Number of protein chains: 2
Amino acid sequence: MTIQEAAQRSGLSAHTLRYYERIGLIHSVGRNASGHRDYAEQDLEWLAFLTKLRTTGMPVADMCRYTELLRRGPETIGERRAMLERHRARVRARIAELSQDLLALDYKIDMYRGQE
Amino acid sequence: MTIQEAAQRSGLSAHTLRYYERIGLIHSVGRNASGHRDYAEQDLEWLAFLTKLRTTGMPVADMCRYTELLRRGPETIGERRAMLERHRARVRARIAELSQDLLALDYKIDMYRGQE
DNA sequence: GTTCCCCTTAGAGTGCGCTCGAAGTCAAAT
DNA sequence: ATTTGACTTCGAGCGCACTCTAAGGGGAAC
């Protein structure tokens, strides 16, 4: 699959795919005879996971660290799990914060409704 | 109240308070005899609201727009409410997205637990 | 065969939201 | 009187995560 197709299917731009590869977030994308990138289904799955990490607010540096742990093999499973658990705690906290702020927003909107 | 006290109580830095004033997010902070900023309780309340908008992801440009509507008086109440409602919809969508991604995270963590 | 378009790399540029630095003022403490 | 330290303005700088440009290389379409 070409970089454009991979971009389409992952929701990332071709620029971003090259950037991710450059910083080590995607490792070993295949190349065709002309040296062009040739993405496999597996790459797409990995991109989908990376995207979840990003959209939940994990910094790119941490994603790199996680990727490096994965590359080092099964002896890093504990550390990887710990990273994800810390991240999960942050995501939960963020949801809680947003939910709180939502109440303030509701209140303000109701106030405006009353004044109109 | 001095800028340092206002920073302390709002959770923003003094630098950020000056920046917010410069871009029009805070309007008419009082000055004392020496020309130093002298924050009132009302300013703190406004800062708290601004902070809620920021932490829920409203761009600073939109916050400026909202502030300008407020400055223009009661005839902008409808528009202000509309802004907040659009923002609320985005916040709700964001919470839904985070909650979804949280499930994927849970799944992955459970997988790691199984492998350890 | 040449036009066209997408690909490659390496490095520079962008937008956002601050954050800091320089140069100067002022007031209280020593 | 002078040192200290917090304040002022204005403009420059920074960190993050891309995003784009330049220069060049295939390879399919006309």
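Just so we're on the same page: letters track the sequence lines, and every chain starts at 1. What you are looking at is a predicted structure, and each value in this text was computed from that prediction instead of being measured.
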key: B:Arg18 vs B:Ala33, nearer the 5' end of DNA chain C by closest nucleotide   = B:Arg18
key: Members of residues 10-17 of chain B that approach DNA chain D, where some heavy atom sits under 4.0 Å away   = none
ask   = Checking salt bridge (Lys or Arg N to Asp or Glu O under 4.0 Å) for the pair A:Arg9/A:Glu5: CA distance, chi angles, key distance, verdict?
value = CA-CA 6 Å; A:Arg9 289 187 47 193; A:Glu5 287 163 348; over 6 Å; no
ask   = Which other residues end up in the same hydrophobic cluster as A:Met111, if Ile, Leu, Val, Met, Phe, Trp and Tyr are linked when side-chain heavy atoms come under 4.5 Å apart?
value = A:Tyr107
query = Along DNA chain D, 5' to 3', what are the outermost nucleotides having an atom less than 4.0 Å from a heavy atom of chain A?
reply = D:dA17 to D:dG27
message = Please enumerate all residues that pass side-chain hydrogen bond (donor to acceptor under 3.5 Å, both in side chains) together with A:Arg22, with sequence neighbours excluded.
response = none
query = Closer to the 5' end of DNA chain D via nearest nucleotide, is it A:Tyr19 or B:Thr2?
reply = B:Thr2
ask   = First and last nucleotide of DNA chain C touching chain B, 5' to 3', heavy-atom cut-off 4.0 Å?
value = C:dG17 to C:dA27
query = Base, sugar-phosphate, or nothing: which does A:Arg37 touch, judged by heavy atoms less than 4.0 Å apart?
reply = sugar-phosphate
query = A:Tyr112 versus A:Lys108: any side-chain heavy-atom pair under 4.5 Å?
reply = yes
key: Side-chain ion pair, B:Arg65 and B:Glu68, N-O less than 4.0 Å   = no
key: Nearest-0.5 Å distance that lies between atom CG in A:Asp101 and atom NZ in B:Lys52   = 5.0 Å
key: Between CZ on residue A:Arg37 and CD on residue A:Glu21, distance to nearest 0.5 Å   = 4.5 Å
query = Which value, rounded to the nearest 0.5 Å, describes the distance between A:Tyr20 atom OH and A:Thr16 atom OG1?
reply = 6.5 Å
task = Supply the atom-to-atom distance B:Arg88 CZ to B:Met83 CE, rounded to the nearest 0.5 angstrom.
result = 14.5 Å
message = Surrounding CD of A:Gln42 (heavy atoms of other residues, nucleotides or ligands, distance under 6.0 Å), is the total greater than 12?
response = no
remark   = Taken to the nearest 0.5 Å, the spacing of A:Thr67 OG1 from A:Ile26 CD1 works out to 9.0 Å
message = Determine whether a donor-acceptor pair (N or O, by modelled atom type, separation under 3.5 Å) exists between the side chain of A:Trp46 and the backbone of A:Glu41.
response = no
task = I would like to know whether B:Thr56 and B:His87 meet side chain to side chain donor-acceptor pair (under 3.5 Å); could you show each step before the answer?
result = CA-CA 9 Å; B:Thr56 49; B:His87 182 57; 2.8 Å; yes
query = Near DNA chain D, which residues from residues 45-68 of chain A have a heavy atom under 4.0 Å away?
reply = A:Arg54, A:Pro59, A:Val60
